[in-house]
A.B. asks: 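Structure below; questions to follow.
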Amino acid sequence: MSELVPTSWLVYCRPGFENDALAEMQHYAALNGVACEAAYGDGWVNLTRLDGEPVNDLHRQAAFKKLIFARQSLAALPALTLSRDDRLTAILEQVKASRWNFEEIWHETPDTNDGKALAGLIKALTKPLESMLKKRGALRRSAGARRLHIFWTDGDQVQLAMSFPGNRSDLINGIRRLRSPSRAPSRSTLKLEEAWHEFIPRDEWEVRLAPHMQAADLGAAPGGWTWQLVQRGMYVYAIDNGPMDVQLMKTGQIDHLKEDGFTWEPPQRLDWLVCDIVDKPVRVLAMVERWLIRKWCKEAIFNLKLPMKKRWDEVTRCLTALEESLEKAGVHANVSCRHLYHDREEVTVHVKLRN
């Protein structure tokens with residue numbers, strides 16, 4: 001029997017952003033000269049090679065850390081329709097045909113109410129399936145940290161996929177769930193906290209998010225992002241004509257300046273610039289470019305609010321313009337962008353200057 005190879009590239013995304021994730025995937029497929037056909041549902045997109053060749057090379061070259069709209073990136077086998085009387089046999093047979101082995105199994109569903117409703121079924125099948133896969137030698141202790149993802153779109157619809165260390169999200173469903181701090185002035189605080197987790201390695205927090213650093217929060221009121229900076233022990237210039245949270249101001253770590261965030265200039269070079277202003281991406285981008293080219297900060301995190309259509313086109317246009325402006329000015333920087341779980345109609349951009 002010939003080996004069954006993964007011919008599909010499967011990604012998870014926020015429901016409603018399937019077209020954006022697909023546009024991004026098709027971009028990478030075109031760069032690699034790969035013809036594909038697409039299938040998608042709420043919160044997922046599946047791109048299948050038309051030539052039947054393995055998708056491994058495409059999956060590796062479209063590195064997960066470079067993707068914007070994908071929450072997870074997987075090399076997948078053809079989707080299965082299961083018998084409701086015996087859901088395990090078809091899964092076991094496909095694993096056998098693939099000759100895959102792996103160290104752990106993750107059962108996942110779309111980030112929808114229908115997906116969440118499958119939790120009971122998945123719980124009932126988990127232990128029996130693990131036991132059978134261990135007996136067959138597919139689930140083992142040493143398998144290169146590979147992980148089998150069993151993606152359930154319905155009680156009888158499933159797709160098996162593999163992820164590889166260094167090229168995947170290590171979060172279930174690719175979602176980082178954070179608890180909203182009761183003392184924070186707004187839930188927007190979670191966007192900055194998630195951005196730190198996403199863009200800054202945890203072992204670098206003590207250096208790059210250190211106490212006594214100085215930061216500016218443009219469009220700060222009522223203080224959701226400022227609250228995060230203060231919790232790290234930073235001194236914050238909160239720039240906004242609106243009122244700041246009273247309790248937050250009592251920390252003594254904030255200088256609230258009722259000025260326009262688009263025109264305000266810092267008194268000296270700061271460690272951080274953060275910005276969650278609701279405005280056109282082109283205006284926010286121009287403001288951030290000015291900060292970076294003049295080196296008014298060492299690192300920046302900011303959001304770009306997106307149009308309802310062609311979000312991928314808008315994001316790539318903005319990022320390309322930013323990188324070209326920095327290069328023209330001789331400013332060397334690392335630029336990253338993600339559509340985070342706590343984002344809505346926006347993406348979060350991180351820039352770290354290298355000089």
Side-chain angles (χ1 to χ4, degrees), residues 65 68 169-171 174-240 244-245 247-257 261 264 266-277 284 287-288 291-292 294-304 322 326 331-343 346-355:
K65 65 181 180 180
I68 296 170
S169 169
D170 284 317
L171 301 167
I175 294 174
R176 186 179 301 279
R177 300 186 185 277
L178 301 171
R179 179 175 296 178
S180 184
S182 60
R183 293 171 296 152
S186 68
R187 284 188 58 82
S188 70
T189 192
L190 296 178
K191 291 191 284 186
L192 183 56
E193 182 181 355
E194 184 182 2
W196 284 343
H197 283 286
E198 182 67 33
F199 299 120
I200 305 177
R202 195 63 179 85
D203 60 1
E204 296 181 16
W205 279 33
E206 295 305 315
V207 174
R208 293 169 62 184
L209 298 171
H212 311 302
M213 281 185 165
Q214 294 186 317
D217 182 359
L218 306 183
W225 284 30
T226 295
W227 187 88
Q228 290 288 344
L229 298 165
V230 166
Q231 293 303 299
R232 297 299 304 176
M234 297 188 199
Y235 180 85
V236 185
Y237 292 98
I239 313 302
D240 201 310
M244 294 292 289
D245 180 79
Q247 293 301 315
L248 183 59
M249 291 300 299
K250 290 180 181 180
T251 63
Q253 295 170 237
I254 304 166
D255 190 355
H256 179 203
L257 303 175
W264 181 78
Q268 69 278 331
R269 191 184 193 196
L270 306 180
D271 298 287
W272 276 94
L273 164 69
V274 301
C275 175
D276 190 28
I277 291 177
V284 174
M287 174 187 63
V288 173
W291 273 73
L292 296 172
R294 298 185 183 184
K295 299 182 181 178
W296 287 347
C297 62
K298 299 175 183 178
E299 295 193 57
I301 287 177
F302 58 97
N303 280 343
L304 294 175
L322 174 60
L326 296 180
V331 176
H332 303 289
N334 296 326
V335 180
S336 303
C337 180
R338 297 286 291 177
H339 185 217
L340 302 177
Y341 175 68
H342 292 95
D343 286 337
E346 63 211 349
V347 291
T348 300
V349 183
H350 170 250
V351 182
K352 183 179 187 295
L353 298 186
R354 300 200 303 267
N355 60 350

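In this text, all values refer to a predicted model and were calculated from it rather than measured experimentally.
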A.B. asks: Suppose we call two aromatic rings close when their centres sit under 6.0 Å apart. Are Trp196 and His350 close by that rule?
C.D. replies: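 Ring centroids of Trp196 and His350 are no less than 6.0 Å from each other.
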
A.B. asks: Can you name the side chain to side chain contact (heavy atoms under 4.5 Å, CB included) partners of Asp343, sequence neighbours left out?
C.D. replies: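 With neighbours one apart ignored, the set is Lys191, Asn303, His339, Leu340, Glu346, Thr348.
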
A.B. asks: Please determine whether side chain to side chain contact (heavy atoms under 4.5 Å, CB included) holds for the pair Leu178 and His342, giving the CA-CA distance in whole Å, both sets of side-chain angles, and the decisive distance to 0.1 Å.
C.D. replies: CA-CA 9 Å; Leu178 301 171; His342 292 95; 4.0 Å; yes

A.B. asks: Quick one: pull up NE2 in His197 and CG in Leu171 and give me the separation to the nearest 0.5 Å.
C.D. replies: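 One gets 10.0 Å once the value is rounded to the nearest 0.5 Å.
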
A.B. asks: For a 4.5 angstrom cut-off between non-hydrogen side-chain atoms, does Leu257 reach Asp240?
C.D. replies: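 In short, these two side chains do not touch, never coming nearer than 4.5 Å.
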
A.B. asks: With salt bridge (charged side-chain N to carboxylate O under 4.0 Å, His left out) as the rule and sequence neighbours excluded, what pairs involving residues 216-234 come up?
C.D. replies: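 Sorted result for residues 216-234: Glu206-Arg232.
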
A.B. asks: Taking side chain to side chain contact (heavy atoms under 4.5 Å, CB included) as the definition, give me every residue that meets it alongside Met213, ordered by chain and number, with sequence neighbours left out.
C.D. replies: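 Side chain to side chain contact (heavy atoms under 4.5 Å, CB included) list for Met213, sorted by chain: Ala210, Met234, Asp271, Trp272.
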
A.B. asks: First locate atom CD1 of Ile239, then atom NE2 of His256, and finally report the distance between them rounded to the nearest 0.5 Å.
C.D. replies: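 NE2 of His256 is found 7.5 Å from CD1 of Ile239.
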
A.B. asks: Taking only residues two or more places apart in sequence or in another chain, which ones pass side chain to side chain donor-acceptor pair (under 3.5 Å) with Arg354?
C.D. replies: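 With neighbours one apart ignored, the set is Asn334.
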
A.B. asks: Quick check: closest heavy atoms across Leu218 and Trp291, and the distance to 0.1 Å?
C.D. replies: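 Heavy atoms of Leu218 and Trp291 come nearest at CD1-NE1, 4.0 Å.
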
A.B. asks: How long is the span from the NZ atom in Lys250 to the CG atom in Asp245, to the nearest 0.5 Å?
C.D. replies: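 Reported value, rounded in 0.5 Å steps: 9.5 Å.
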
A.B. asks: Please round to the nearest 0.5 Å and tell me the distance separating atom CG of Leu229 and atom CD of Gln214.
C.D. replies: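 Between Leu229 CG and Gln214 CD, I get 12.0 Å after rounding to 0.5 Å.
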
A.B. asks: Mind checking whether Glu198 and Ser336 have side chains closer than 4.5 Å, heavy atoms only?
C.D. replies: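 No. Closest side-chain heavy atoms not under 4.5 Å.
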
A.B. asks: Indicate the atoms forming the closest heavy-atom contact of Pro266 with Trp296, along with that distance.
C.D. replies: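 Heavy atoms of Pro266 and Trp296 come nearest at CD-CE3, 3.5 Å.
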
A.B. asks: Would you name the heavy atoms of Cys297 and Leu273 that are closest together and state the gap between them?
C.D. replies: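 Nearest heavy atoms, Cys297 then Leu273: SG-CB, 3.8 Å.
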
A.B. asks: What's the separation between atom CD in Glu194 and atom CZ in Arg177, rounded to the nearest 0.5 Å?
C.D. replies: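 With rounding to 0.5 Å, CD (Glu194) is 11.0 Å from CZ (Arg177).
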
A.B. asks: Sequence neighbours excluded, which residues qualify as salt bridge (charged side-chain N to carboxylate O under 4.0 Å, His left out) partners of Asp170?
C.D. replies: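 Checked Asp170 against salt bridge (charged side-chain N to carboxylate O under 4.0 Å, His left out); matches are Arg147, Arg168.
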
A.B. asks: Does Phe302 reach the side chain of Met287, with side-chain heavy atoms less than 4.5 Å apart?
C.D. replies: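 Not in contact.
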
A.B. asks: Please examine the side chains of Val349 and Ile301, heavy atoms only from C-beta on, and report whether any two atoms are closer than 4.5 Å.
C.D. replies: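 Counting from C-beta outward, Ile301 and Val349 never come under 4.5 Å.
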
A.B. asks: Which heavy atom of Gly223 sits nearest a heavy atom of Met244, and at what distance?
C.D. replies: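 Heavy atoms of Gly223 and Met244 come nearest at CA-CE, 3.7 Å.
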
A.B. asks: Just jot down the salt bridge (charged side-chain N to carboxylate O under 4.0 Å, His left out) partners of Glu299, sequence neighbours excluded, or say none.
C.D. replies: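 Residues passing salt bridge (charged side-chain N to carboxylate O under 4.0 Å, His left out) with Glu299: Arg208.
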
A.B. asks: Please name all residues satisfying ring-ring contact (aromatic ring centres under 6.0 Å, His included) with His332, sequence neighbours left out, ordered by chain then number.
C.D. replies: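 Once residues adjacent in sequence are excluded, His332 has no partner under the ring-ring contact (aromatic ring centres under 6.0 Å, His included) criterion.
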
A.B. asks: Tell me the closest heavy-atom pair linking Pro222 and Leu248, and the distance in Å.
C.D. replies: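 Closest heavy-atom pair between Pro222 and Leu248: O-CD2, 4.3 Å.
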
A.B. asks: Report the residues that fulfil side chain to side chain donor-acceptor pair (under 3.5 Å) with Thr189, sequence neighbours left out, ordered by chain and then residue number.
C.D. replies: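 Applying side chain to side chain donor-acceptor pair (under 3.5 Å) to Thr189 gives Gln228.
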
A.B. asks: State, yes or no, whether a side-chain contact exists between Val274 and Thr226 at a heavy-atom distance under 4.5 Å.
C.D. replies: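 They are not in contact (no side-chain heavy atoms under 4.5 Å apart), so the answer is no.
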
A.B. asks: Do Val236 and Asp255 come close enough that some side-chain heavy atom pair is under 4.5 Å?
C.D. replies: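 No, every pair of side-chain atoms sits at 4.5 Å or beyond.
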
A.B. asks: Do Leu190 and Tyr341 make a side-chain contact, defined as non-hydrogen atoms from C-beta onward lying under 4.5 Å apart?
C.D. replies: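 In short, these two side chains do not touch, never coming nearer than 4.5 Å.
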
A.B. asks: Give, for atom CG of Leu192 and atom SG of Cys275, the distance between the pair rounded to the nearest 0.5 Å.
C.D. replies: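 Result: 11.5 Å between the selected atoms.
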
A.B. asks: Just jot down the side chain to side chain donor-acceptor pair (under 3.5 Å) partners of Lys352, sequence neighbours excluded, or say none.
C.D. replies: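 Applying side chain to side chain donor-acceptor pair (under 3.5 Å) to Lys352 gives none.
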
A.B. asks: Measure the shortest side-chain to side-chain distance between Leu353 and Lys295 over non-hydrogen atoms and say whether it is less than 4.5 angstrom.
C.D. replies: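 Leu353 reaches Lys295 side chain to side chain.
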
A.B. asks: Of the non-hydrogen atoms in Gly219 and Ile277, which two are nearest, and what is the gap between them?
C.D. replies: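 Result for this residue pair: CA-CG1, 3.7 Å.
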
A.B. asks: I'd like to check the ring-ring contact (aromatic ring centres under 6.0 Å, His included) partners of Tyr237; sequence neighbours left out, ordered by chain and number.
C.D. replies: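 Listed in chain order: Tyr235, Trp264.
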
A.B. asks: Please tabulate, one pair per line, all N/O donor-acceptor pairs under 3.5 Å involving side-chain atoms of residues 181-188, not counting sequence neighbours.
C.D. replies:
unit_1	atom_1	unit_2	atom_2	d
Ser186	OG	Ser188	OG	2.7

A.B. asks: Which residues pass the side chain to side chain donor-acceptor pair (under 3.5 Å) test with Arg176, not counting sequence neighbours?
C.D. replies: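 Per chain and number, Arg176 pairs via side chain to side chain donor-acceptor pair (under 3.5 Å) with no residue.
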
